[in-house]
Amino acid sequence: MTLAQDPTTRSAPDRHEVFGAHEGGKLATGLTAPLADERDLSIAYTPGVADVCRAIAGDASLAARYTWAHRLVAVVSDGTAVLGLGDIGPRASLPVMEGKSALFKSFAGLDSIPLVLDTTDVDEIVETLVRLRPTFGAVNLEDVAAPRCFELERRLVEALDCPVMHDDQHGTAVVLLAALDGACRVQDRSLSDLRIVISGAGAAGIACARILLTAGASDVVLLDSRGIVDAGRGGEKAALAAVTNPRGVVGGIAEALAGADVFVGLSSATLPEALLATMAPECMVFALSNPDPEVHPDVAARHAAIVATGRSDFPNQINNVLAFPGIFRGALDAHARRITDDMKVAAARAIADVVADELSPQKIVPGPFDPRVAPAVAAAVARAAGDAGVTAR
């Protein structure tokens, strides 16, 4: 079978259009209160603003009501792992961070500011954000290279009393779980019964393995460029080796895929078609590398019952925008101090539930512009935050 491309997808923009859209940046601040005459000025600024300042000085919690800090997400990057471009530095990463802030506004109604930091030192980044904490209500880490991203996120979660999430890890993981949930519903199968192979043990691969295990997967095999991950790798990989590969498979991708139900591609490695033929009947292929999937979707469809990619021009796009806007909106709505694993799983379930009555092999997740997604995710995350007891009030 051939996977039909989405007829609504626009043709690729040319360079002139792209640079024109970015000229002057993609963000600007706006006003929420009038500023048209002297009276407006006296309310928005001096002398009226002094009353608000005194009130907050007496009760710091009032800042959440009378400033934008509680609704403000800081999009933070050091520019070391930007899209598929690698370590291009903070200035070159800024257009991406501006774009992320635009997505927060468009999909969740959240204000956001990009903060690109001219350092890769974890201590310095943590210290910077701790000092800036009164300015924002949450931190979205973006495009920070592994393995530093693991330590940085962990340190910030410990140091800050607000939601912190590295979207390259957890946004991808949440949407993958949602897609697998939808695929299991289509095939009337259980996550716990699937043999799952994840190719790529970077930030996204490790987060995907963890969330699948948290959600009930029992047979996950994780691979890096050297083959199936074992305890000898050290660090985050060693920790995962202890809870993955329960059948003790050894070798590389060929050995891992034999009889597997699910392939998840999160690396730039090419997947030979011959290996797809060794997977179990009615298998699923999630070839998520961008812009070039590990295997072309049409090739994968010759062997797999369900195919997903990270691309917008084929069905079943695994797009982080389905997750992070609603996750942060729900966490901030609930006054959550952190984002827990249960909140991420709740987000994934909510994404899958949006299209529960529309599921098919060609539609296991909603489209990125489905207006139902962010509100559903936000509500589910807020409930989960309350259940987890991580809300400030």
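Residues: numbered from 1 along the sequence shown.
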Peer 1: Check for me, please, whether Val221 and Val262 land in the same ILVMFWY cluster - side-chain distances under 4.5 Å, paths through other members count.
Peer 2: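 No: no chain of side-chain contacts under 4.5 Å links Val221 to Val262.
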
Peer 1: Mind checking whether Leu94 and Val96 have side chains closer than 4.5 Å, heavy atoms only?
Peer 2: no

Peer 1: What I want to check is whether the side chains of Thr80 and Asp78 have a donor and an acceptor closer together than 3.5 Å.
Peer 2: yes

Peer 1: Under 3.5 Å, is there a donor-acceptor pair between the side chain of Ser192 and the main chain of Gly216?
Peer 2: no

Peer 1: One thing to verify: whether Arg185 and Asp181 come together as a salt bridge, which I'm taking to mean a side-chain N less than 4.0 angstrom from a carboxylate O.
Peer 2: yes

Peer 1: In terms of the angle between their ring planes, are Phe369 and Phe107 parallel, tilted or perpendicular, with boundaries placed at 30° and 60°?
Peer 2: tilted

Peer 1: Just by modelled atom types, is the Gly227 backbone N or O under 3.5 Å from a matching donor or acceptor in the Asp224 side chain?
Peer 2: yes

Peer 1: Do Pro47 and Ser42 have side-chain heavy atoms sitting under 4.5 Å apart?
Peer 2: yes

Peer 1: Would you call Arg210 and Glu236 a salt bridge, taking side-chain N to carboxylate O under 4.0 Å as the test?
Peer 2: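 Glu236 and Arg210: salt-bridged.
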
Peer 1: Quick one: does Asn316's side chain have a donor or acceptor within less than 3.5 Å of a partner on Ile364's backbone?
Peer 2: yes

Peer 1: Determine whether a donor-acceptor pair (N or O, by modelled atom type, separation under 3.5 Å) exists between the side chain of Arg154 and the backbone of Val157.
Peer 2: no

Peer 1: Mark yes or no for whether Asp168, through its side chain, and Asp143, through its backbone, hold a donor-acceptor pair below 3.5 Å.
Peer 2: yes

Peer 1: Charged N to carboxylate O below 4.0 Å: is that the case for Asp123 and Arg155?
Peer 2: yes

Peer 1: Under the criterion side chain to side chain contact (heavy atoms under 4.5 Å, CB included), which of Met284, Gln187, Arg195 is the partner of Asp261?
Peer 2: Arg195

Peer 1: Taking 4.0 angstrom as the limit, do Arg311 and Asp313 come out as a salt bridge?
Peer 2: yes

Peer 1: Is a donor on one side and an acceptor on the other found under 3.5 Å between the side chain of Arg337 and the backbone of Thr391?
Peer 2: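 Side chain of Arg337 to backbone of Thr391: a pair is present.
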
Peer 1: With a 4.5 Å cut-off on side-chain heavy atoms, are Asp219 and Ile196 touching?
Peer 2: no

Peer 1: Applying the 4.5 Å side-chain criterion to the ILVMFWY set and letting contacts propagate, would Leu194 and Leu240 be lumped into a single cluster?
Peer 2: yes

Peer 1: Using a 4.5 Å cut-off on heavy atoms from C-beta on, say whether the side chain of Asn319 contacts that of Val175.
Peer 2: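 Of all side-chain heavy-atom pairs linking Asn319 with Val175, none is under 4.5 Å.
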
Peer 1: For Glu153 and His170, test the side chains for any donor-to-acceptor distance below 3.5 angstrom and give the result as yes or no.
Peer 2: yes

Peer 1: Quick one: does any side-chain atom of Arg329 pair with a main-chain N or O of Ala108 as donor and acceptor, under 3.5 Å?
Peer 2: yes

Peer 1: Examine distances only and state if a side-chain atom of Lys100 and a backbone atom of Glu142 form a donor-acceptor pair shorter than 3.5 Å.
Peer 2: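 Checked: no pair found.
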
Peer 1: With a 3.5 Å cut-off and no angle check, do the side chains of Glu294 and Ser289 form a donor-acceptor pair?
Peer 2: yes

Peer 1: Under a single-linkage definition using a 4.5 Å side-chain heavy-atom cutoff for Ile, Leu, Val, Met, Phe, Trp and Tyr, are Leu266 and Leu271 assigned to the same hydrophobic cluster?
Peer 2: no

Peer 1: Would you say the side-chain atoms of Thr172 and Asn320 include a donor-acceptor pair closer than 3.5 Å?
Peer 2: yes

Peer 1: Is any side-chain N of the basic residue among Asp333 and Arg71 closer than 4.0 Å to the acidic one's carboxylate O?
Peer 2: yes

Peer 1: Check this for me: does any side-chain nitrogen of one of Asp370 and Arg372 sit under 4.0 Å from a carboxylate oxygen of the other?
Peer 2: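 Yes.
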
Peer 1: Can you find a pair of side-chain heavy atoms, one from Val197 and one from Ile253, that are under 4.5 Å apart?
Peer 2: yes

Peer 1: Hey, is Arg131 close enough to Glu124 for a salt bridge, meaning N to O under 4.0 Å?
Peer 2: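 Salt bridge between Arg131 and Glu124, a charged N being under 4.0 Å from a carboxylate O: no.
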
Peer 1: Within the 3.5 Å criterion, strictly below it, is a donor on Ser61 or Asp59 matched to an acceptor on the partner's side chain?
Peer 2: yes

Peer 1: Considering only NZ, NE, NH1 and NH2 on the basic side and carboxylate oxygens on the acidic side, decide whether Asp230 and Lys237 come within less than 4.0 Å.
Peer 2: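 Result for this pair is no, no salt bridge flagged.
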
